[in-house]
2 protein chains.
Amino acid sequence: MDISVLHNSILFKGFDDTEISELMKALNAVEKKYNKGTMIFSSGEITDKLCFVTAGSVTVESNDMWGNRTILNLVGKGQFFAESYALLPDVPMLVDVCAAEDCSIIFLSMKSLANLSDTVRARLLTNLLTITTRKNLHLSSRSFHTAPRQVRGRIMAYLNTISVQKHSREFDIPFDRQQLADYLNVERSVLSNELSKMQRDGLIRCRKNHFEII
Amino acid sequence: MDISVLHNSILFKGFDDTEISELMKALNAVEKKYNKGTMIFSSGEITDKLCFVTAGSVTVESNDMWGNRTILNLVGKGQFFAESYALLPDVPMLVDVCAAEDCSIIFLSMKSLANLSDTVRARLLTNLLTITTRKNLHLSSRSFHTAPRQVRGRIMAYLNTISVQKHSREFDIPFDRQQLADYLNVERSVLSNELSKMQRDGLIRCRKNHFEII
DNA sequence: CCAAAAATGTTGTAATTACAACATACTTTC
DNA sequence: GAAAGTATGTTGTAATTACAACATTTTTGG
């Protein structure tokens, strides 16, 4: 099990190596590997497992009955997912989680939180709150990316956010075209077309998933 | 200050009246009143205040430079807002919060959490986690409501959620037409038009904010 | 290196939406 | 209860998007 990534995670911030090892046991940590395209959770499932990505990435998405996909979030190495469902153990998942690449996931049992001492639990809960509140901001961000009515507006909203995050006008995005289209809720072909126009208009330059804002 | 509503809130679940009174002091609880249309927070502000609605309602929204409004959430009596920003005290708000009706808000200082005992803090943090995780599900829901490309799809997605929540095919929604349009990210006139068509098609019946799914 | 598969880009047409302008209905206030 | 103000509904036209079909480029696996 790849411990080093978990040691630097938000969840274990402030805990030393010994404490982390104990917590991993207390929370029944289990690691599993998934191949690209595999479904890790399906809509309707119930879980109490907080999930941590140690390698690769997963998409949190919704797939409707007509085959339309909406990507809510892409979760990469070092990040958590399913925390809301893990902490609200009655609520069935509204989303699917799929391996966007080959990946490894560590599952941590949240119902085991109850067994911890108040002190440790308070520390862990504080970190969990950081995870959930940041996730909230992520979901809000996506709302702003999909808010513009026109495709160009959505693309620019998204690229601006990434640019600010990376402190640079030039950056890679974690999505391929189809994923970006499903994240922004637009047609893939319309997205490709608009990206071409934006390059012709001198707004951006891009090649594959590398972008530059001009 | 209207304590009774707070006593039944998620935040103080499991606490008795005495404890709640102490916590209110410890968290510097302050109540303020706002008239409809007043701005309570503006994008860019920083706060450590967890906000609780004791009367009326507020909208959490984003207003871009062209005057387009996106309503992320409507927060009613008995609910909380700004919890993410209160708990991440470095992060400037990405949204505005406006009084949707005349309302009263209680502000609770989250930086004061540090002064509480481990036991009390653990209990409070657990409740805060419930608030943030539920808020997450709310934000996810909105994503599903705005995911359909067509207006009718968005309306149906939204109405279905409410119908399931209220266990009835007949219900009131908390939005007027303009608010619903801004929540679903569609033009108000297009929304009105589509609602008319849906009534003609025998899908729904509605009058003002009362709806029936057929 | 080649063939096959996957990803990305391009184009045209039908359908949908944006936007503005206006009509009607409902509320509020005096 | 009239007038003013606000909310909601309707309509037409220009602009945009959906969708399908196909072209081109890139990646993958022998």
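Numbered from 1 within each chain, the chains take letters A, B, ... in sequence-line order. Computation of the quantities below employed the complete heavy-atom set of this structure, encompassing side-chain atoms and omitting hydrogens, waters and symmetry-equivalent molecules.
A/N193 comes within 4.0 angstrom of a base, heavy atoms only. If you check every strand for non-hydrogen atoms under 4.0 Å, B/S196 touches sugar and phosphate atoms only.
A salt bridge does not link A/R169 with A/E212: none of the charged nitrogens is closer than 4.0 Å to a carboxylate oxygen. Note on B/E194 versus B/R152: salt bridge recorded, some NZ/NE/NH1/NH2 to OD/OE distance being below 4.0 Å. Of the charged side-chain nitrogens involved, none lies within less than 4.0 Å of a carboxylate oxygen, so that A/K36 and A/E101 do not count as a salt-bridged pair. Salt-bridge formation is detected for the pair A/R149/B/E187: a Lys NZ or Arg NE/NH1/NH2 atom is positioned less than 4.0 Å from an Asp or Glu carboxylate oxygen.
The distance from atom CZ of A/R177 to atom C1' of D/dT27 is 15 Å, rounded to the nearest whole Å. Rounded to a whole Å, the CD1 atom of B/I155 is 9 Å from the P atom of C/dT17. Atom CE in B/M198 sits about 13 Å away from atom P in D/dG9, given to the nearest Å. Spacing between atom CZ of A/R154 and atom P of D/dT16 amounts to 14 Å, rounded to whole angstrom units. The CD atom of A/Q179 sits 15 Å away from the P atom of C/dA6 (whole-angstrom rounding). Per the geometry, CD belonging to A/E101 stands 13 Å off P belonging to C/dA7, to the nearest Å. Rounded to an integer number of Å, the gap from A/E194 CD to D/dA18 P is 11 Å. Rounded to an integer number of Å, the gap from A/L191 CG to C/dT10 P is 12 Å.
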Protein-nucleic acid N or O pairs under 3.5 Å, nucleotides 19-26 of chain C:
from: C/dC19; atom 1: OP2; to: B/E187; atom 2: OE2; distance (Å): 3.2

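Taking five base pairs at each end of the helix from C/dC1-D/dG30 to C/dC30-D/dG1, the local helix axes there meet at an angle of 60°, rounded to 10°.
Here A/F107 and A/F52 keep their ring centres 6.0 angstrom or further from each other.
In terms of position along DNA chain C, the nucleotide closest to A/F175 lies nearer the 5' end than the nucleotide closest to the other residue of the pair A/F175 and B/R152.
The side-chain tip of B/R205 does not point at the ring of B/F211 from less than 6.0 angstrom away and within 45° of straight on.
Using cut-offs of 30° and 60° for the angle between ring planes, the B/F81 and B/F41 rings count as perpendicular.
Side-chain contact between A/T70 and B/F144 is absent, with no heavy atoms from C-beta onward closer than 4.5 Å.
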Worksheet item: Step by step, would you call B/E83 with B/K135 a side chain to side chain contact (heavy atoms under 4.5 Å, CB included)?
Response: CA-CA 9 Å; B/E83 65 288 333; B/K135 196 60 72 81; 3.2 Å; yes
